[in-house]
Each structure stands twice: as C-alpha cells, then as structure tokens.
Amino acid sequence: MIDLKYLQKNFDEASAKLLKKGVDTATLENLHERFTSLKEANAPLEEAKAEQNRMSKLFGEYKREGKDMAELKAKVDAKKEQIVGLQATAREAEEALQLVALAMPNFPDDSVPVGANEDDNIELRKVLEPRTFDFEPKEHWALAEINGWIDFERGVKLAKSRFSVLRGEAARMERALINFFLDVNRQKGFEEVCVPFINNSTMLQGTGQLPKFEDDLFKVEGEDLYLIPTAEVPLTNLYNDEILSAKELPILLTAYTPCFRKEAGSAGRDTRGMIRQHQFDKVEMVALSIPEKSDEIFEMMVENASDILTQLGLPHRVVELCGGDLGFSAATTIDLEVWLPGQNKYREISSISNTRDFQARRAKIRYKDGTNNILVHTLNGSALAVGRTLIAIMENYQNEDGTIEIPKVLKKYM
RNA sequence: AGAGAGGUGGCCGAGUGGUCGAAGGCGCACGACUGGAACUCGUGUAUGGGGCAACUCAUCGAGGGUUCGAAUCCCUUCCUCUCUGCCA
C-alpha cells in the first residue's frame, strides 16, 4: 500500500509519480478524498467515545458513594445512540478507503523510465554473445519431440491445457537446475527454506496479489487458501505482522516452489510449447532490508541471477522496465531476458523488483530502530524460472540432429 | 474427523464485570557500583491510528453479542495441546 500521509501532503508529486504507472489523477483524487473522509468521520467518533468512557468511569465512583445513577445512565444512553450513528459512517468510510487503497499500485522510483509498455523498456547491457548456428535452430517444442523430453498431450490429459509433463532427461535436468540454483543462491548468502505451496488470503494481500488479481490465482474450493503464484508470497510473508530487530537484517531467503497461475488475460499467447504454463517451477530470492541498503541488495540480486545464466552459458540481456510495464507492487524492476535462438528472440527468464515499503506496509513487516518501528524494504527476484531455463538450454545447446548438449556446470548435478 | 483442555505484552505468568493496556518474574536497554565483568540497585521497555502538544481512540487469537462499563459473561470461528481415528 502506498503511504497515504505522503499522498495527502504531496498530492501533485504523488500524482505525477503514479501517472508514470498509468494511474490517472482522478483515481488518485478518489483515494485522497476517501482518506480525508475517513479522518473526518473518525474525529467526532473518537471524541464521542472518549466522552462515553469518561462517563462510564463515573459509575464506579457513584456506586462506591451510593449515589443515584439514573441520570448518568440516561446521558450515557444518549451518547451511545450517537456513537452508533458515527460508527456506521466511520466504518463505511474505512471500507470505502480500503477498497481503493488496496487497489492502488506502488509509486515507481524517480529513476524509472517513462513508457507505456515493454516496447519502452531500456536495455542496459547484453551478456554473452549468442552462438552462430550453421543450421536452422529449432524451437524447443520441436526439440522436445525429437528427444521425447516434454509430453504436452498427456499433461493436458492429466489436467488441462497449459500443463505438461517432463520425461526422462528433461525431468532430471529440471531437478538438476533446481539444485544448481539453490546451491548458487546459498553460496551468495541466501538461507534456503521450504515453504507451504498454499497460502491464505492475508498473505496474498500482503504481497499485493489480492484483492486486485484474484482472477489470476487458483483458489482452494471452500477454503481461504490459494495456490501460490510465486514463492515471493510465502517468503516475504514469512515475517508478516512481525517486528524484526535491526541486527537480524538483511534477511536473505531462497526457495524452490512450483508456481500456479491462471494466466487470465493471456489467452492465445504462447499457446505452443512450455513458455507459459499454469504450473511451473521457480527458484526465488527474497530480501528484507533496511531502507538504506535495499538498492545495494537489489544490485546484488540482479548480478546473482545474471551470473547464474552466465555460468550456464546462456546469452541474455538486462532490461530496465519502464513505468507502464512495472508490476503492481514494484517501485523498480529489472528483467533478465534469455536468448532463444529457435524463437530468434530474448524472452523473460527473471524479474527482480524492489517494492520499497509497499509490501511491508501491507504485510506489516517492520524493524525496531531504537524506539521507532520502521517499515522494511522488500525485494524479490527469480533465480531463476526453471522451465524457461530448460527451454533456453534446449534451444542454445542443440545440435543439428536435434540432440542437446548438457551445460558443463550441470554435469555434476545429473 | 470425534472428545476434552487451552489461547493474556519479546518470553513465563497473574488477572473472572469498573480504579486493567494489564501485577509479578525473566529477558532487553540505559544509568549507578567495579580496574573490568558478574552480582546488586535505579529507570525504562506492546502495537496501530488521530493531534504541534497536553492528550485521546482501538487492540488481551479473530469476529459478533450482553452491559453504562468486558481480558473477565454469551455465541461463532481460527489456532495449539492431550486422547481416539486416519495417514506420508
């Protein structure tokens, strides 16, 4: 959630920031109004309650002194009636505010480039030169068929479209990649954790998936539970509603989890192959940090993900997202895009974001700095999307006959 | 899943209708004592919101109710523990 006090005091500045993210001023004005309404509704309510509390305390005295209480009771009853009305107004204002506030995306950093969509993203650098083929490189689904690596049909049979089955060497490579990623992350100081793959609505609200993006989530029927769309949810919310001590920060976490996404709104995109699935494996990094250190940690996370791709010998580029392409919770995001020679394109394989205090405010994650409780900064990033890495290896390491070489660093894992 | 017990501050633990945001202890922070430390003594020590402030509202797992007044009584729900069942 954005800082509503900041919004109130610096409306024009806030408005300019959110414009970059595609939020029009009217929406922000609405939020501002509701925040003001709530404050206006709360003031008389609290005053009335204070009066009631004062009067109620008198009862004790009256009783002890044997005084008559009928008159006092009549006064309190009148006050109570007034409170009921004020309470209804305040509650309405509160609910109206929450509705808008929880749907408002994070402010982008000032450094975020202006732009409407991914076409306006800025390539910062390329890492590794794509290899030149002396034959026409195939796409991963063609290679999958030649090698019997991916069973698309039976994945669909077992569940539905956008599910697939990895077989034999592919299944082993999936597992090898997970182990490799976790090992690298652990060496960089991330604590490996193993988390529930199903989280409740409070947690999904904490990281920003709810209430706005419920349509993207698989919900457990009849329960307040959702399949996680990313390990960012359980890892960040590990400290939901906690106050940490400054000395335990930064907290660096990594976990392998499957991720479940409905991909609502992606109908027709990447229907072929394994790029966009309802279920995919990912190894995630999450960091909780003091505000002053989050930029540094962000850089480290980008470097780490890039380094993993380099170790795998996969050409990629580092891209800074423009305001219009930023996710809901992100203040700044860098994507890593891996080269897919079969598609002749760079495709997203990692996305690293600093959400500043946006998620921390929602999830109530603070740390104690002397006497003050301060919101932490939360960061998250993939290191890496496993299925897409598998695809990238298939396409980049293919031979003319369709066979696939194993990257050197993976050999000890297979 | 069925039966019983219970959920209070960082932790332990009192509190069964008013003076309780909450005794006491531990822990922690600061100060005194010490050459330094332990011990001892003193002070402080929940969270969120409103207000320049004095101050004030809310919170004793969560939600609702009774009452002038609820940590305390009632209902619902979640969680934990024990026993039974089931199971990797």
Side-chain angles (χ1 to χ4, degrees), chain A residues 1-9 31-102 194-206 210 219-226 234 237-249 251 258 288 357-376:
Chain A
M1 201 152 80
I2 59 170
D3 183 352
L4 295 177
K5 275 195 205 165
Y6 167 80
L7 173 70
Q8 194 180 39
K9 286 184 190 142
L31 175 60
H32 183 242
E33 267 168 41
R34 290 182 189 218
F35 183 53
T36 311
S37 303
L38 176 65
K39 287 178 102 171
E40 282 169 3
N42 269 335
L45 173 64
E46 285 193 10
E47 202 178 309
K49 277 186 173 174
E51 275 179 61
Q52 196 208 345
N53 286 341
R54 268 194 291 276
M55 287 194 275
S56 287
K57 274 189 184 143
L58 288 176
F59 274 86
E61 268 177 49
Y62 276 43
K63 209 166 160 187
R64 240 174 289 131
E65 296 167 11
K67 284 191 191 166
D68 179 46
M69 303 184 220
E71 196 188 332
L72 184 59
K73 179 158 162 39
K75 278 167 86 177
V76 179
D77 283 342
K79 184 56 69 182
K80 270 181 78 178
E81 213 170 300
Q82 187 197 350
I83 288 174
V84 170
L86 291 169
Q87 212 148 30
T89 312
R91 195 175 195 147
E92 246 170 66
E94 172 71 35
E95 279 165 10
L97 173 66
Q98 286 304 318
L99 207 66
V100 183
L102 288 173
C194 197
V195 293
F197 302 156
I198 300 178
N199 283 191
N200 63 46
S201 61
T202 305
M203 303 307 129
L204 283 136
Q205 187 176 96
L210 287 178
K219 188 176 195 308
V220 179
E221 195 180 338
E223 308 250 18
D224 179 36
L225 294 171
Y226 298 82
N237 284 295
L238 210 55
Y239 296 98
N240 186 296
D241 201 15
E242 292 192 27
I243 300 170
L244 305 159
S245 70
K247 61 182 171 225
E248 52 189 320
L249 295 172
I251 292 171
L288 309 185
D357 60 12
F358 183 82
Q359 291 180 326
R361 188 173 291 105
R362 288 174 160 251
K364 304 188 196 83
I365 308 173
R366 299 139 291 175
Y367 75 98
K368 200 174 264 297
D369 175 33
T371 50
N372 295 322
N373 292 323
I374 299 171
L375 293 167
V376 302

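Scope of the values below: all heavy atoms of this structure, side chains included, with no hydrogens, waters or symmetry mates. Residue numbers begin at 1 in each chain, while the letters A, B, ... track the order of the sequences.
G17(B): no Watson-Crick or G-U partner with both key distances under 3.5 Å is found in any strand. Both distances falling under 3.5 Å, in either a Watson-Crick or a G-U wobble arrangement, occur for no nucleotide opposite C52(B). Here A1(B) sits opposite U84(B) as a Watson-Crick or G-U wobble pair (both hydrogen-bonding atom distances under 3.5 Å). Base pairing annotation: U72(B) forms no Watson-Crick or G-U wobble pair, as no partner gives both donor-acceptor distances under 3.5 Å. Within the shown strands, nothing qualifies as a pairing partner of G36(B) under the Watson-Crick or G-U definition with both distances less than 3.5 Å. Within the shown strands, C78(B) is the pairing partner of G7(B) under the Watson-Crick or G-U definition, both distances less than 3.5 Å. In this entry G44(B) has C28(B) as its Watson-Crick or G-U wobble partner, both defining distances falling under 3.5 Å.
Among the heavy atoms of the strands lying under 4.0 Å from Lys39(A) are primed sugar atoms or P, OP1, OP2 only; no base atom is included.
Proximity of a side-chain donor or acceptor of Arg34(A) to a complementary backbone N or O of Ala93(A) within less than 3.5 Å is not detected.
The nearest whole Å value for the distance from the CD1 atom in Ile374(A) to the C1' atom in G48(B) is 16 Å. Atom CD of Gln87(A) is separated from atom C1' of G64(B) by 13 Å (rounded to the nearest Å). Summarising the geometry, the separation between CE on Met203(A) and C1' on C79(B) is reported as 13 Å, rounded to the nearest angstrom. Atom CG of Leu4(A) and atom P of G48(B) are 16 Å apart (whole Å). Atom-to-atom, CD of Glu40(A) to C1' of G50(B) comes out at 13 Å; the value is rounded to the nearest Å. Summarising the geometry, the separation between CD1 on Ile243(A) and P on U45(B) is reported as 15 Å, rounded to the nearest angstrom. Rounded to an integer number of Å, the gap from Leu38(A) CG to G48(B) P is 18 Å. Put simply, CD on Glu248(A) is 14 Å from C1' on C28(B), counting in whole angstrom units.
If you take CZ on Arg91(A) and CG on Leu45(A), they are separated by 11.5 Å, rounding to the nearest 0.5 Å. In this structure, CG in Leu225(A) is found 11.0 Å from CE in Met203(A), a value given to the nearest 0.5 Å.
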Protein-to-nucleotide contact annotation, 5' to 3' order, nucleotides 54-61 of chain B [B base; S sugar-phosphate only; - none; under 4.0 Å, heavy atom]: --SSS---

B/S/- contact track for nucleotides 68-78 of chain B, protein heavy atom under 4.0 Å: BS---------

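Comparing G36(B) with A58(B), their C1' atoms sit 48 Å apart, to the nearest whole Å. Annotation: A70(B) and C20(B) have their C1' atoms spaced 11 Å apart (nearest Å).
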Identify each donor-acceptor pair in which a side-chain atom of residues 238-246 of chain A lies under 3.5 Å from a protein atom, sequence neighbours left out, and give them as a table.
from: Asn240(A); atom 1: ND2; to: Asn237(A); atom 2: OD1; distance (Å): 2.9
from: Asp241(A); atom 1: OD1; to: Arg366(A); atom 2: NH2; distance (Å): 3.4
from: Ser245(A); atom 1: OG; to: Glu248(A); atom 2: OE2; distance (Å): 3.4

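A close approach under 4.0 Å does not occur between any side-chain nitrogen or oxygen of Lys368(A) and OP1 or OP2 of A29(B). Between Asn42(A) and G49(B) there is no side-chain N or O to OP1 or OP2 distance below 4.0 Å.
Ser201(A) and Asp224(A) get closest at one heavy-atom pair: OG-OD1, 2.7 Å.
When each of Ala43(A) and Arg91(A) is assigned the nucleotide of RNA chain B bearing its nearest heavy atom, the one mapping closer to the 5' terminus is Ala43(A).
Applying the salt bridge (charged side-chain N to carboxylate O under 4.0 Å, His left out) test to residues at least two apart or on different chains, the pairs with a partner in residues 47-56 of chain A are Glu51(A)-Lys79(A).
The side-chain heavy atoms of Ile365(A) and Leu375(A), taken from C-beta on, include no pair separated by under 4.5 Å. Under the 4.5 Å side-chain criterion, counting only non-hydrogen atoms from C-beta, Tyr226(A) is not in contact with Val220(A). A 4.5 Å side-chain heavy-atom check between Gln52(A) and Ile83(A) finds at least one atom pair inside the cut-off.
Lys75(A) is linked by a side chain to side chain contact (heavy atoms under 4.5 Å, CB included) to Met55(A), counting only residues two or more places apart in sequence or in another chain. Residues that satisfy the salt bridge (charged side-chain N to carboxylate O under 4.0 Å, His left out) test with Lys73(A), not counting sequence neighbours, are Asp77(A).
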